[in-house]
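Accompanying notes for the structure given below.
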Amino acid sequence: MLTLVFAVYLSLTLATAVSQQGQYVSGPHRGGAAEHAAAEDSPYGSLWPLPREVRFSPRSLRLSGSSFQVVDADESSAGASCSILQNAYRRYYEYILPQFADERSRRRGHHHQHGSAAPSELSELRVWISSPDSDCNAYPVATSDESYELSVDQPYAVLKAPKVWGALRGLETFSQLVYEDVYGAKNINVTMITDFPRFPHRGVLLDTSRHFLPIKVILANLEAMAMNKFNVFHWHIVDDPSFPYLSRTFPQLSQMGAYHPYTHVYTPADVKMIIEFARLRGIRVIPEFDTPGHTQAWGKGQKDLLTPCYSGPSPSGTFGPVNPILNTTYDFMELFFQEISTVFPDAYIHLGGDEVDFSCWKSNPDITKFMNQHGFGQDYTKLESLYIQKLLDIVTSTQKGYMIWQEVFDNGVKLKADTLIHVWKGTQEQYRDEMARVTSSGYQTLLSTPWYLNRISYGQDWTNLYKADPQDFTGTDAQKKLVIGGEACMWGEYVDATNLMPRMWPRASAVGERLWSDRNVTNVMDAYSRLSKHRCRMVERGIQAQPLFSSSCRREYKWT
């Protein structure tokens with residue numbers, strides 16, 4: 001399909017060809033180099049995250065709203081019954097040609113007919129799932145194949161992927177290649193792309209305990225995640241302030257522990273809808289139920305779950321972490337995690353294990369007696385380890401794997417070989433050392449320390465997010481291979497539905513490129529040019545993504 005046009009392509013013509021995609025208009029420049037970057041368009045236009053291999057031609061093709069279609073290729077193992085692809089076709093058609101979306105819906109379900117396109121017109125995007133098992137009815141997993149090849153030439157484009165997950169990523173890339181000319185017509189350059197992610201785990205954490213996040217906000221964030229090729233939604237669903245998860249087994253947990261038992265809870269139907277919405281975008285949903293600390297809201301609905309704190313010889317009326325010395329604690333956890341294992345289909349559950357305050361345990365005479373009986377002395381990490389080990393055994397019995405925060409590893413808890421250790425603490429030097437220790441012990445790990453998006457500062461802090469690399473530590477190649485990716489985290493103390501999306505995006509986009517693109521994609525000025533345009537595209541698609549710097553978009557955010 002793609003002929004000698006690529007043999008004669010030059011970087012200069014490449015830049016000229018794709019500069020038409022730009023929607024960013026720079027304002028007066030002050031400050032560092034990143035603010036000046038928009039003066040020079042990236043040769044890669046608005047592609048984000050940057051694919052592995054991109055070859056453009058200066059030859060452009062027109063997309064006609066009256067005739068352009070996204071269809072299944074004849075060779076594809078997926079067809080009209082593949083809901084993941086059919087939903088994606090409609091979604092991306094509306095992104096690319098929104099003014100023709102209603103007409104397209106009337107033509108929905110018609111298979112493509114081979115016909116001649118007008119000169120310099122792109123008639124179709126044909127999606128070819130090459131593996132006999134397309135994964136159409138599956139959930140994404142840690143090993144899902146997200147690779148794809150995209151070939152754009154007249155009269156049609158071909159998106160070839162082994163599985164539907166790669167097709168979803170390729171559809172996003174195709175949509176990013178489409179641009180408007182000065183007359184408002186949709187165009188795309190002849191292009192060839194080969195792409196696959198650097199890391200298999202590219203996550204975003206949302207905290208729905210400190211502030212309840214309405215369903216619409218969670219879904220909008222999942223939509224933005226798909227636009228940035230994230231594939232894991234880490235749902236930190238409960239914590240000290242509230243317990244919004246409505247448990248079928250223990251409904252009193254949210255009845256007593258949520259901010260409101262009816263308006264501020266996630267029902268089983270809500271959870272199911274979020275999981276399916278994510279699946280249709282190739283995103284895993286990993287819930288986090290953090291114990292033994294961060295459990296104050298649990299104790300409101302489950303009697304005797306938390307440890308009574310003492311002031312001298314008498315109870316103070318307050319409670320600390322989960323009580324690890326009672327058999328009833330483990331009876332409860334067994335029933336609770338049996339439910340969680342059936343509600344959430346992913347192979348992993350995040351079990352937390354961070355920031356356990358030992359002061360309440362130290363004050364409780366029953367705990368002290370237990371410590372003495374077991375020869376723990378004054379080492380309360382041993383008591384924590386005893387609890388965590390029993391919990392891990394419970395979760396293992398449900399056929400689930402588990403992720404844990406780094407403290408569990410640091411405290412020497414016995415872990416399964418396939419445990420995922422989540423690093424979140426410390427300075428750059430400290431988290432690099434931690435990554436080295438974890439991987440030298442043979443465990444897989446993922447990084448979040450430099451990507452706490454709740455920490456904000458004036459200026460372009462996205463550049464620091466962009467420069468952090470989860471494999472940037474001293475270790476062998478074998479150790480580096482144990483790094484499965486990372487997560488951008490948005491903790492909820494100061495975030496709710498009013499400000500989540502602009503605070504998250506496009507700052508999380510910087511993490512998205514770091515986790516998807518080749519490790520050598522590090523040019524901040526080039527990234528600034530592409531990210532500015534990508535931010536405008538997200539705005540046009542209804543995402544309240546904040547600006548990087550003084551700028552304007554061709555289509556600003558519309559309040560409805």
Side-chain angles (χ1 to χ4, degrees), residues 207-212 236-247 249-261 264-265 288-337 351-395 404-405 407-408 410-413 425 491-493:
D207 168 11
T208 57
S209 172
R210 291 170 175 88
H211 284 97
F212 180 81
H236 188 88
I237 192 166
V238 302
D239 207 294
D240 282 330
S242 73
F243 196 105
Y245 172 76
L246 200 167
S247 167
T249 311
F250 300 101
Q252 71 275 15
L253 291 171
S254 59
Q255 188 72 24
M256 303 297 292
Y259 285 128
H260 190 282
H264 286 57
V265 296
E288 180 182 354
F289 291 92
D290 190 359
T291 66
H294 293 279
T295 47
Q296 289 299 298
W298 300 54
K300 295 178 181 179
Q302 185 63 23
K303 185 181 179 183
D304 298 329
L305 180 64
L306 303 185
T307 304
C309 305
Y310 277 68
S311 178
S314 304
S316 65
T318 61
F319 296 87
V322 166
N323 193 331
I325 69 172
L326 300 180
N327 291 333
T328 54
T329 292
Y330 303 102
D331 295 337
F332 165 82
M333 291 296 175
E334 185 172 3
L335 290 174
F336 181 77
F337 280 102
L351 298 177
D354 64 314
E355 297 183 319
V356 181
D357 184 356
F358 296 149
S359 58
C360 184
W361 283 351
K362 291 178 180 179
S363 74
N364 185 291
D366 294 329
I367 298 282
T368 301
K369 181 179 178 181
F370 183 91
M371 294 278 289
N372 292 333
Q373 289 174 343
H374 286 75
F376 290 169
Q378 297 295 311
D379 188 356
Y380 286 86
T381 63
K382 291 182 178 178
L383 181 61
E384 178 191 13
S385 295
L386 180 144
Y387 167 80
I388 292 289
Q389 187 58 61
K390 288 187 176 183
L391 180 66
L392 299 185
D393 291 342
I394 288 171
V395 173
I404 45 89
W405 295 110
E407 287 96 321
V408 179
D410 293 340
N411 291 341
V413 176
K425 295 175 68 176
W491 298 99
E493 288 88 348

Among Gln378, Glu384, Lys382, find the one that has a side chain to side chain contact (heavy atoms under 4.5 Å, CB included) with Tyr380. Gln378

Does anything in residues 307-316 form a salt bridge (Lys or Arg N to Asp or Glu O under 4.0 Å)? List the pairs, not counting sequence neighbours. none

Parallel, tilted or perpendicular: which one describes the rings of Phe212 and His264, with boundaries at 30° and 60°? tilted

Minimal non-hydrogen separation, Thr329 against Tyr387, with atom names: CG2-CE1, 4.2 Å

So Leu351 and Thr291, do their side chains get closer than 4.5 Å, heavy atoms only? no

For Glu355 versus Glu407, what's the shortest heavy-atom pair and its separation? N-OE2, 3.2 Å

Minimum heavy-atom distance between Val413 and Gln389, given as atom pair plus value: CG1-OE1, 3.9 Å

Just checking, is any N or O donor in the side chain of Asp207 or Ser209 under 3.5 Å from an acceptor N or O on the other one? no

Closest non-hydrogen contact found for Gly353 with Asp290 is N-OD1, 2.8 Å

Answer yes or no: is there a side-chain heavy-atom contact under 4.5 Å between Asp354 and His294? yes

To the nearest 0.5 Å, what is the distance between OH (Tyr330) and OG1 (Thr328)? 10.0 Å

Phe243 vs Phe289 aromatic rings, parallel, tilted or perpendicular, using cut-offs 30° and 60°? tilted

Under the side-chain contact (heavy atoms from CB on, under 4.5 Å) test, residues paired with Thr307 that sit two or more places apart: Asn323, Pro324, Cys360, Trp361, Asn364, Ile367

If you look at every heavy atom in Pro244 and Val238, which pair is closest and at what distance? CD-CG1, 3.8 Å

So do Leu335 and Phe250 actually touch side chain to side chain, heavy atoms under 4.5 Å? yes

Interatomic distance, CG@Asp379 vs CZ@Phe358, rounded to 0.5 Å, equals 8.0 Å

Distance from Ile237 atom CD1 to Ser254 atom OG, nearest 0.5 Å? 10.0 Å

To check you understand the geometry: which heavy-atom pair defines the closest contact between Thr295 and Asp240, and what is its length? N-OD1, 2.8 Å

Measuring from Gln302:CD to Trp298:CH2, what's the distance to the nearest 0.5 Å? 10.0 Å

Please name all residues satisfying ring-ring contact (aromatic ring centres under 6.0 Å, His included) with His236, sequence neighbours left out, ordered by chain then number. Trp491

OG1-CD distance between Thr318 and Gln296, expressed to the nearest 0.5 angstrom: 8.0 Å

Between Ile388 and Pro292, is there a side-chain heavy-atom distance shorter than 4.5 Å? yes

Are the side chain of Ser316 and the backbone of Cys309 linked by a donor-acceptor contact shorter than 3.5 Å? yes

Parallel, tilted or perpendicular: which fits the ring planes of Phe336 and Phe332, with parallel below 30° and perpendicular above 60°? parallel

Gap between atom OG of Ser242 and atom NE2 of His260 - 0.5 Å precision: 13.0 Å

